[in-house]
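Letters go in sequence order (proteins before strands), and every chain restarts at 1. No experiment lies behind these values; they were computed from the predicted model shown.
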Protein chains: 2
Amino acid sequence: MNLKQLSTLLGLSQTTVSRALNGYADVSEATRARVRAAAKAHDYRPNTRAQALATGRSRVIGHVIPKVSTHAMVNPIFADFITGAGETYSQCGYEMLISVVDVAEEEAAYRAMKRRGLVDGLIVSAPRMNDPRIELLDGIGLPYAVHGRATGTDRPYSWLDVNNRRAFARATDFLIDLGHRRIALINGLEAMDFAHRRRQGYEEALRARGIAPDPALMQQDEMTEGYGWRATRKMLAQPDPPTAFLVSSVICMLGVRRAIEEAGLTLGRDVSAITHDDQLSYLREDGPVPTFTATRSSVREAGQRLARMVIDRIDTPEAPHAHELLEAELIIGRSTGPAPG
Amino acid sequence: MNLKQLSTLLGLSQTTVSRALNGYADVSEATRARVRAAAKAHDYRPNTRAQALATGRSRVIGHVIPKVSTHAMVNPIFADFITGAGETYSQCGYEMLISVVDVAEEEAAYRAMKRRGLVDGLIVSAPRMNDPRIELLDGIGLPYAVHGRATGTDRPYSWLDVNNRRAFARATDFLIDLGHRRIALINGLEAMDFAHRRRQGYEEALRARGIAPDPALMQQDEMTEGYGWRATRKMLAQPDPPTAFLVSSVICMLGVRRAIEEAGLTLGRDVSAITHDDQLSYLREDGPVPTFTATRSSVREAGQRLARMVIDRIDTPEAPHAHELLEAELIIGRSTGPAPG
DNA sequence: TGTTGTTGCAAAAGCGCTTTGGATGGAACC
DNA sequence: GGTTCCATCCAAAGCGCTTTTGCAACAACA
């Protein structure tokens, strides 16, 4: 059943049926009701492609996953983020297109998306410092919103980010209040903007309390369980080991806990640790008191809100850029306690 | 730059330019070369929507994520699977569309996808026992391929699956060979087909060696770290505790290991454990000898191959259904050893 | 009574591509 | 010389919608 068939069936023109369904004023309420009923009865759905061709808008939003190599890590927050974004898209009548592209062809991919009219807008994920994609997309003329921020870029853009600096500063502060002085940072790759900010927050909080950041207590890497374990093990073996850890993700934290327990120490008593928690659904907690003290911010919610943000960019490109800075909650769990001694 | 502009620029008709670019024979090699060169020079890309409208094919494949509730778990294998599928799609000139739909509206969503001409085919994920989607999609007339199998369905369909039964049978066998008799199964939800098959393999292997499966040693739930920990803790507290564990996912395994170590036991010496390993990139290992003994099968590779399978269904719907049964490797790591005593 | 405005609908153009069904001219054949 | 046959190209229709434009019919106004 297409528009033509539906309109002959109703004894109306395609124009009228189309305008009735799309809520235009120049069709009487009586005919509109008739059209609506018929459309429902025959489960009529306008052909997306034809609609897109006629309107010049595809109602599709693209997410690009740059592929570094065949073995590169896929971001574990991806699934939850997508789910959140997808919820908003469904509500707003958009579809989500995901494109896995080789990092060398990323620029070409964006251009092609625009040229081919594949998407109306984009989500930019995992921004790096001085991320070139922002200028690129502005040049191409494709609306977008960034998940995170790109330090070093001076042009305006829309973004949504967690206040990583403040979150890690607060967490550091909290540990200092508990009497800790040797606090380690198990960070993500600091080429990533979020990791860079986390270290800033950590160092600022230390300095504000008169503690000099110690390079021997800072590590950065891709946030796997194994990395958390190795980094912690190594630090605990130092002559003057840390009594507390600040960890960049729960997956990593699982490794940190393991190393601590293997060393014969008890987490939350002998050693404290705070992790950032994206509230990934497959790592969720269910007890009343969470296992880990954490700076918590739902990445699924971030997906929902960021999706709304791109849609706004598409609808009103002339509007000023939006910025949303989500404050992470500091949730007290059982992995922190007063510094020993 | 669109086709019309390109063709006037070349002094040719749209027909000729189109057919030159699409490799038809009725255009001389000389003009084809000219057209190609011009297209490249102006970075001409055919408009996807127009192409789709004209051909009746969208070159898009849909992945549906059914959403149970706002807090339901998002499948952790999702990201790696998508990445694999996306790689194949890129190679074959397809796009991937992901749709998050409320489980109550799943059927309507499939119908709408067909009606609106949104996708040419679908990937069906996480099949349950007697999964109704297979009959539904056959009825709708949308090509698809299933990631896993749906026990209880008698109609033919294309699928790709890991040989879960054999993998868990082999793992069980291996543990029995090591002298274990009390072997626990920490399974996923057995409404899921893969979990059902894993239990079959486990029980068959036990019976074949004269060991009666003990319901007290079997658990099923959503595979979180917390679940692994709780289930293991509980079982270790039993009067006649298991000496070995069969675990359905690495995330779960992390919890199992924690419970074992908390009980003062050493994994691989006092207690053995084997997990299934989907080779998720963010849980990967890098050492020469893996931490966990595991039945290993890359879910990313599954994504790649399954994508190819749907594309084949779309290209040749009359071809017989394809079936691919991937055998998991049994990788010996450091989490298994001879039964104590 | 004539003019203007408003309401409700339709014809037709257009979005950018593919495809059908010729058209043209030259080579090949009798 | 006439016919057939390729090889190469093109005009135009069509995919299923939206949107512009316009046309009746009728009401309202002077």
Side-chain angles (χ1 to χ4, degrees), chain A residues 1-36 38-39 42-60 93 95 112-120 314-315, chain B residues 1-36 38-39 42-60 93-95 112-120 315:
Chain A
M1 174 69 59
N2 59 24
L3 187 62
K4 196 175 186 176
Q5 296 170 327
L6 185 66
S7 58
T8 57
L9 190 134
L10 279 162
L12 290 169
S13 73
Q14 290 193 40
T15 311
T16 305
V17 176
S18 170
R19 297 185 75 87
L21 291 174
N22 291 326
Y24 281 73
D26 62 351
V27 48
S28 74
E29 278 313 314
T31 43
R32 191 193 302 282
R34 261 184 70 215
V35 170
R36 285 231 178 95
H42 297 84
D43 194 26
Y44 165 74
R45 310 280 180 137
N47 182 298
T48 316
R49 291 144 0 185
Q51 221 167 10
L53 185 56
T55 58
R57 296 186 35 183
S58 64
R59 298 198 75 85
V60 171
E95 302 295 333
M113 282 187 162
K114 169 71 173 184
R115 277 246 152 75
R116 297 170 58 205
L118 204 54
V119 300
D120 291 340
I314 294 168
D315 290 343
Chain B
M1 175 68 59
N2 60 23
L3 186 62
K4 195 175 185 177
Q5 295 170 327
L6 185 66
S7 58
T8 57
L9 191 134
L10 279 161
L12 290 168
S13 74
Q14 291 192 40
T15 310
T16 305
V17 177
S18 170
R19 297 184 76 88
L21 292 174
N22 291 326
Y24 281 74
D26 62 350
V27 47
S28 74
E29 278 312 314
T31 44
R32 191 192 303 282
R34 259 185 72 215
V35 170
R36 283 229 179 97
H42 298 85
D43 194 28
Y44 165 73
R45 311 279 180 139
N47 182 297
T48 315
R49 294 149 351 189
Q51 221 167 11
L53 185 56
T55 59
R57 294 184 38 179
S58 63
R59 298 198 76 85
V60 171
Y94 276 83
E95 302 295 334
M113 282 186 163
K114 169 72 173 182
R115 277 246 154 72
R116 298 171 56 203
L118 204 54
V119 300
D120 291 341
D315 289 343

Five pairs at each end of the helix from C:dT1-D:dA30 to C:dC30-D:dG1: take the axis at both ends and give me the angle between them to 10°.
->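 Result, rounded to 10 degrees: 60°.
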For the residue pair B:L6 and B:Q14, establish whether any side-chain heavy-atom pair is separated by less than 4.5 Å.
->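 No, every pair of side-chain atoms sits at 4.5 Å or beyond.
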Polar-atom pairs under 3.5 Å, protein N or O versus N or O of nucleotides 10-19 of chain C: list them with distances, or write none.
| from | atom 1 | to | atom 2 | distance (Å) |
| --- | --- | --- | --- | --- |
| C:dA10 | OP2 | A:S13 | N | 2.7 |
| C:dA10 | OP2 | A:S13 | OG | 3.1 |
| C:dA10 | OP2 | A:T16 | OG1 | 2.9 |
| C:dA11 | N7 | A:T15 | OG1 | 3.4 |
| C:dA11 | N6 | A:T15 | OG1 | 2.7 |
| C:dA12 | N6 | A:T15 | OG1 | 3.4 |
| C:dC15 | O2 | A:A54 | N | 3.4 |
| C:dG16 | N2 | B:A50 | O | 3.4 |
| C:dC17 | OP1 | B:Y44 | OH | 3.0 |
| C:dC17 | OP1 | B:N47 | N | 3.0 |
| C:dC17 | OP2 | B:L3 | N | 2.4 |
| C:dC17 | O5' | B:Y44 | OH | 3.4 |
| C:dT18 | OP1 | B:N22 | ND2 | 3.1 |
| C:dT18 | OP1 | B:Q51 | NE2 | 3.1 |
| C:dT18 | OP2 | B:S18 | OG | 2.5 |
| C:dT19 | OP2 | B:Y24 | OH | 2.7 |
| C:dT19 | O4 | B:T15 | OG1 | 3.2 |

Identify whether the distance between the nearest side-chain nitrogen and carboxylate oxygen of [X] and [Y] falls below 4.0 Å.
| X | Y | result |
| --- | --- | --- |
| A:R116 | B:E95 | yes |
| B:D315 | B:R57 | yes |
| A:R115 | B:D43 | yes |

Sequence neighbours left out, what pairs pass salt bridge (Lys or Arg N to Asp or Glu O under 4.0 Å) with at least one residue falling in residues 9-25 of chain A?
->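 Residue pairs with at least one partner in residues 9-25 of chain A: A:R19-A:D26.
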Mind listing the closest non-hydrogen atom pair of B:V17 and B:V35 along with its distance?
->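 So the minimum-distance heavy-atom pair works out to CG1-CG1, 3.8 Å.
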Do you know the tightest heavy-atom contact between A:A25 and A:R32?
->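 What the structure gives for the nearest pair is CA-NH2, 4.2 Å.
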Full working for side chain to side chain donor-acceptor pair (under 3.5 Å) between B:T15 and B:S18 = CA-CA 5 Å; B:T15 310; B:S18 170; over 6 Å; no
Are B:S28 and D:dC9 close enough that a side-chain N or O sits under 4.0 Å from OP1 or OP2?
->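 Checking D:dC9 against B:S28, a side-chain N or O does come within under 4.0 Å of OP1 or OP2.
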